[in-house]
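Reviewing the structure listed below.
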Amino acid sequence: MSSIARIGVLTGGGDAPGLNAVIRAVVKSAYNSGIECLGIEDSFDGLLEQGRCRVMTPRDVRGIMRLGGTVLGTINTGNPFSAVIETSDGPKPYADRCVEMFHRMGLGALIVIGGDGTLAIAHQFTERGIPLVGVPKTIDNDIVGTTNCFGFDTAVAFATDAIDRLHTTAEAHRRIIVVEVMGRYAGWIALHAGVAGGADAILIPEIPFSLEAVAERLRERDKWGARFSIVVVAEGAFPVGGKLSLVEEASGGHVERLGGIGAQVSARLGTLTGKETRYVVLGHLQRGGAPTSFDRVLATRFGAKAVELVKQGEFGTMVAFDPPDIIARPLIEVVGKTKTVPRDSDVLLTAKALGVTFGD
Ligand code: F6P
């Protein structure tokens, strides 16, 4: 057992429903263990200045579990290990300043809640001697080593509801409606929402698609009187021999922004089938709003476990869901990898057995 008196907690990268539930669990578990908790604003940036950290007690987290977003704020930090910042003592490497401030603030450990990028930065800070525990977050559910990330269930529930609503209007007008969901490198949201919503085609980054194959499948539906179709496409899906659809190239430490594949699929399917088509981009709606009860419980368990690991001195780790348990995994085993949908995924094979096409 370590005898840590004060810890810091921060959220980094894109938000996900459940972040506040983790913060609440961290603050309350720490408080009940006699550990003071500092909330650090705007990811690692909040470590750069003392004024951007505040002591949090159970009173500060009352009622936040059901809120989307993060009360601490978040940013997509570029690579802090190559950045230099201005300080009152002159220019300093960003990461050095973070380490210096961590010690100056009397912190014994950090709890870092973030996705693949944030956890990779956390791992580098571990190597710089910062005792830290990671908490995985992403609606995409593509972090290795954990069966689920909180936020994923909420995103799938939202996308499923959207598909349900689109079904009725698609059927009324005998249209093909294409629904673009998030999923940069992995098609988990498309796959699960597609299956839950009864989609006819699901296009994911792991399986380059042929729209000719999709169109053929959709035409078959006409034979048995279903003259409408729902196609779910992940934002990171692309055609055989084609490439990712981008709205903005990567620049200055920012990752490229995906977008446009839904519109392209819709236009091309219209040409190939001769049917009227429409498309809807669900975008950031999938990241907003209240977390589902599943995500609240998972996020709460993650937060409590992270404090437990701090107390046990198990640093350089990430909490993970290994049903039914929450366990610790070494960060080194997790960073730099992506959990994609395997071709033999049971959910994928089930969908195929029911006649859903993946365009392959
Ligand atoms: O990684 C999660 C995610 O939701 C991706 O699916 C998406 O490409 C990305 O974040 C968009 O993030 P932002 O618009 O915040 O840069």
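Just so you know, ligand 1 is whichever comes first in the structure, and atom 1 is the first atom listed for that ligand. Predicted, not measured: the structure shown is a model, and the values here were computed from it.
- With sequence neighbours excluded, the residues satisfying side-chain contact (heavy atoms from CB on, under 4.5 Å) with H167 are I163, F228, I230.
- Side-chain atoms of T74 and T11 include no donor-acceptor pair closer than 3.5 Å.
- Checked against side chain to side chain donor-acceptor pair (under 3.5 Å), K275 has the following partners two or more places apart in sequence or in another chain: D222.
- Between F302 and F150, the ring planes lie perpendicular to each other; the angle is over 60°, past the 30° to 60° tilted range.
- There is no side-chain donor-acceptor pair under 3.5 Å between S29 and N32.
- With sequence neighbours excluded, no residue forms a salt bridge (Lys or Arg N to Asp or Glu O under 4.0 Å) with R219.
- Within 4.0 Å of ligand 1, contacts by protein heavy atoms are made from N76, I139, D140, M182, G183, R184, E235, H284, R287.
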